[in-house]
K.L.:
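Quick one: this structure, given as structure tokens, is what I'll be asking you about.
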2 protein chains.
Amino acid sequence: MNIGEIARRAGVSRSTVSYVISGRRPVSEQTRRRIQSVIDELGYRPNASAQALKEGRTRTIGLVIPPASQRLTDMQLGFVASVVEAAARADYDVLLSPSGGDHDRSFERIATGRRADGVILMEILMEDHRVTRLQQVGVPFVTIGRTRHPEDTWWVDVAYTELVARCVDHLADLGHRRIALMNRSAELVAAGYGPGHRALRGFAEAVDRRGLHGTDVCCADNAPAGEECMERLRERHPGITALVTVNEAALPGVQRALERAGVVVPRDFSVTGVAARHWAEDFRPPMTAADVPTHDMGAAAVELLLERLATPTAPARHVLHAPPVSLRATTGPVPASSR
Amino acid sequence: MNIGEIARRAGVSRSTVSYVISGRRPVSEQTRRRIQSVIDELGYRPNASAQALKEGRTRTIGLVIPPASQRLTDMQLGFVASVVEAAARADYDVLLSPSGGDHDRSFERIATGRRADGVILMEILMEDHRVTRLQQVGVPFVTIGRTRHPEDTWWVDVAYTELVARCVDHLADLGHRRIALMNRSAELVAAGYGPGHRALRGFAEAVDRRGLHGTDVCCADNAPAGEECMERLRERHPGITALVTVNEAALPGVQRALERAGVVVPRDFSVTGVAARHWAEDFRPPMTAADVPTHDMGAAAVELLLERLATPTAPARHVLHAPPVSLRATTGPVPASSR
DNA sequence: TTGTATGCGTTATCAG
DNA sequence: CTGATAACGCATACAA
């Protein structure tokens with residue numbers, strides 16, 4: 001069934017049906033009603049492909065996610081959920097592309113097949129070939145995260161450098177002198193994953209500025225790795241009294257390791273860092289942390305993209321989130337024995 | 001840039017370019033090469049909307065997920081990931097529709113706008129209006145989960161009734177007489193959520209058949225709820241010695257509650273149930289459970305859908321997964337004191 | 001081996 | 001207020 005069929009049954013031309021649907025020109029109440037009743041009766045809806053072809057836009061956003069094979073972290077999931085939700089609110093659909101390496105077919109379809117009006121990219125590397133590719137092809141895009149030189153791209157990001165530095169400052173203020181950073185996985189950092197690098201930089205700078213002794217370790221994004229990592233950390237660096245973590249998925253393991261070692265938080269050991277809110281709140285006791293506002297960020301990414309689509313010549317916009325460190329219950333004064 | 005532009009630059013007709021791309025008719029090596037080089041040089045890719053309009057198919061699968069506002073459970077996420085991955089392998093794209101209630105615009109776009117060749121639906125209710133709607137519209141679909149009368153729909157599901165019964169049998173064999181079922185949330189069960197109903201039925205039947213004393217409770221899909229629920233359960237039914245759970249998201253809370261109460265698993269208390277593998281393995285000690293093969297199920301759903309698209313007249317196919325209960329370390333003989 | 005012409009379902013321009 | 005018609009970009013039947 002198509003618009004011609006509706007027109008035929010209503011005894012009007014196809015254009016009139018089209019105008020009834022779009023409302024872009026006045027139609028007499030009488031014919032409007034007649035046409036509408038035929039539409040309702042047959043349950044007619046315009047063919048999206050034909051509309052897209054004619055209008056030159058698909059009302060679809062491409063969302064490039066990490067290869068689905070590896071389980072998405074909660075933060076990634078938070079981004080996906082909020083992007084989908086924000087897009088739906090704007091009556092946009094979301095086309096998912098699970099793309100990892102180079103020359104991914106799914107990515108290429110979205111980038112060059114005009115299947116989407118614009119693209120949202122996440123898990124950005126400092127040097128990201130997907131960003132390069134999208135720029136080359138000329139598809140409007142917004143990144144969640146940013147590359148090394150983000151000046152004239154559109155992005156939404158978390159100020160990892162600053163947040164981690166704030167956590168270090170907080171610990172230093174509490175008298176801690178020997179602290180550790182639990183970073184994301186070694187592979188991710190090696191690949192040039194932005195948050196990993198920026199967290200490390202913020203840690204190093206703050207530790208240096210406050211004259212502390214800092215240790216940093218990479219840790220895979222899961223609980224067992226967190227447990228092992230925490231144990232190894234305390235074993236090799238028995239002097240540390242506090243942890244800054246940017247690896248939320250490892251948190252349950254960190255907790256387990258501390259519990260098993262009989263370490264009481266925050267009496268014996270302090271924990272803080274950057275995490276999605278529910279990870280911080282699920283920690284026992286609730287964790288003092290900068291809560292990454294995944295929900296706002298996904299929505300902001302969509303908003304930026306729609307703005308970019310509406311005014312293609314607009315200068316690049318960025319949103320850098322630096323949420324406050326929410327004081328909960330995992331940080332306290334350095335133990336007297338370690339002072 | 002379009003196919004005409006390529007044709008013009010290569011000095012051939014548009015059809016020849018089209019045939020070079022599709023390979024559906026022989027083209028002389030010489031012109032093929034000339035055309036290909038122009039295509040490569042300009043980075044030309046056919047317009048997906050035009051292709052879809054012409055061919056009458058979009059090479060896109062619609063995936064209807066729960067409203068994104070509520071965090072997806074790991075099992076749901078597993079389905080999404082595996083569907084996306086399997087679709088990508090078949091060179092299909094996935095269009096996401098976060099749809100909850102009736103008359104969802106995003107759902108309607110997918111159902112009636114011919115934006116997708118077929119649809120995969122998850123979180124199916126015993127009476128599901130989305131299923132009805134899709135049948136009415138005539139869009140091919142496959143459900144992950146099934147309705148009350150699933151005979152002539154296409155679906156992939158987990159045999160909750162049977163799996164829960166097996167868990168009960170296992171506990172009965174170990175001598176447990178008073179056991180509890182931790183179901184999904186009360187809202188979900190009230191809404192007619194299939195797994196909730198079928199788990200309850202399997203539990204009731206098995207408990208009855210083995211002459212046990214069974215208690216069942218609903219629990220929200222998160223750790224804090226699991227903790228509270230477990231505590232209440234032990235408080236109100238101090239006699240229970242084992243738990244069957246189909247609520248994986250509550251597991252960390254269950255674990256925490258047991259630990260806080262000083263209950264040693266499986267010496268004092270046994271735990272088993274249905275869960276995605278990593279939840280079972282993350283439990284301490286590793287949990288004896290029927291592991292839901294989310295990965296296989298998503299892939300199977302895609303496979304079924306593609307088969308249905310290929311042969312529209314084929315009779316309905318179903319896949320019912322009944323994975324074995326993997327013996328790990330959370331079940332043991334009933335404590336002597338409770339025998 | 002290649003070119004010409006048609007139509008997929010829409011929207012919008014131009015006439016009436 | 002409404003209708004005829006020309007694109008949008010592509011694939012393919014038909015011609016040559």
Side-chain angles (χ1 to χ4, degrees), chain A residues 1-36 38-39 42-60 91 93 109-110 112-117 137-139, chain B residues 1-36 38-39 42-60 91 109-117 137-139:
Chain A
M1 177 201 346
N2 56 34
I3 201 170
E5 177 71 12
I6 305 295
R8 204 179 56 68
R9 298 210 190 198
V12 296
S13 74
R14 293 182 319 203
S15 52
T16 303
V17 176
S18 178
Y19 285 119
V20 163
I21 292 170
S22 71
R24 286 204 235 278
R25 92 177 177 190
V27 174
S28 79
E29 184 56 22
Q30 191 186 2
T31 51
R32 199 196 63 70
R33 276 225 284 273
R34 190 168 73 251
I35 293 172
Q36 190 60 55
V38 174
I39 289 177
L42 299 194
Y44 164 76
R45 292 287 308 276
N47 179 306
S49 301
Q51 275 183 320
L53 176 58
K54 179 61 190 172
E55 297 185 352
R57 62 175 190 160
T58 59
R59 292 180 175 279
T60 299
D91 282 329
D93 284 324
R109 280 199 298 272
I110 289 198
T112 65
R114 269 150 300 179
R115 293 187 70 101
D117 299 336
V137 174
V139 175
Chain B
M1 177 199 348
N2 56 35
I3 201 172
E5 177 71 12
I6 305 295
R8 204 178 55 69
R9 299 209 190 199
V12 296
S13 75
R14 293 181 322 198
S15 58
T16 303
V17 176
S18 179
Y19 284 120
V20 163
I21 293 170
S22 71
R24 286 204 228 281
R25 90 176 180 191
V27 174
S28 78
E29 184 56 21
Q30 190 185 2
T31 52
R32 200 196 61 71
R33 276 226 284 272
R34 190 168 75 249
I35 293 172
Q36 190 60 56
V38 175
I39 288 177
L42 299 194
Y44 166 76
R45 293 286 310 276
N47 179 306
S49 302
Q51 274 183 319
L53 177 58
K54 177 65 188 169
E55 297 185 355
R57 60 172 190 163
T58 59
R59 293 180 177 279
T60 300
D91 281 329
R109 279 199 298 272
I110 289 197
T112 65
R114 271 150 297 179
R115 294 186 71 99
D117 298 337
V137 175
V139 175

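Note on naming: letters A, B, ... go to the chains in the order of the sequence lines (proteins, then strands), and numbering restarts at 1 for each one.
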K.L.:
For B:S18, report the nucleic acid contact type (base, sugar-phosphate, nothing); a contact means any heavy atom under 4.0 Å.
P.N.:
base

K.L.:
If you look at every strand shown and take non-hydrogen atoms under 4.0 Å, does A:S28 touch a base, only sugar-phosphate, or nothing?
P.N.:
sugar-phosphate

K.L.:
Could you give the CZ-to-C1' distance, from B:R14 to D:dA11, as a whole number of Å?
P.N.:
10 Å

K.L.:
Please report, rounded to the nearest Å, how far the P atom of C:dT11 is from the NZ atom of A:K54.
P.N.:
9 Å

K.L.:
Any base atoms under 4.0 Å from A:S22, or only sugar-phosphate, or nothing? Heavy atoms, all strands.
P.N.:
nothing

K.L.:
Atom CZ of A:R57 and atom C1' of C:dT10: how far apart are they, to the nearest Å?
P.N.:
14 Å

K.L.:
Are A:E29 and A:R32 side-chain neighbours, meaning at least one heavy-atom pair lies under 4.5 Å?
P.N.:
yes

K.L.:
What's the CZ-P distance between B:R25 and C:dT4, to the nearest Å?
P.N.:
11 Å

K.L.:
Where the side chain of A:Y19 is defined as all heavy atoms beyond and including C-beta, which of D:dC8, C:dT10, C:dA12 is the nearest nucleotide?
P.N.:
C:dA12

K.L.:
Can you see if the side chain of B:T16 gets near the phosphate of C:dG3 - specifically, an N or O under 4.0 Å from OP1 or OP2?
P.N.:
yes

K.L.:
Strictly below 4.0 Å: does A:S49 bring a side-chain N or O up to OP1 or OP2 of C:dT10?
P.N.:
no

K.L.:
Just how far, in rounded Å, is C1' of D:dG9 from CD of B:E55?
P.N.:
12 Å

K.L.:
On the nucleotide D:dA11, are OP1 or OP2 found under 4.0 Å from the side-chain N or O atoms that B:Q51 carries?
P.N.:
yes

K.L.:
Using whole Å, report how far CZ of A:R24 lies from C1' of D:dC1.
P.N.:
18 Å

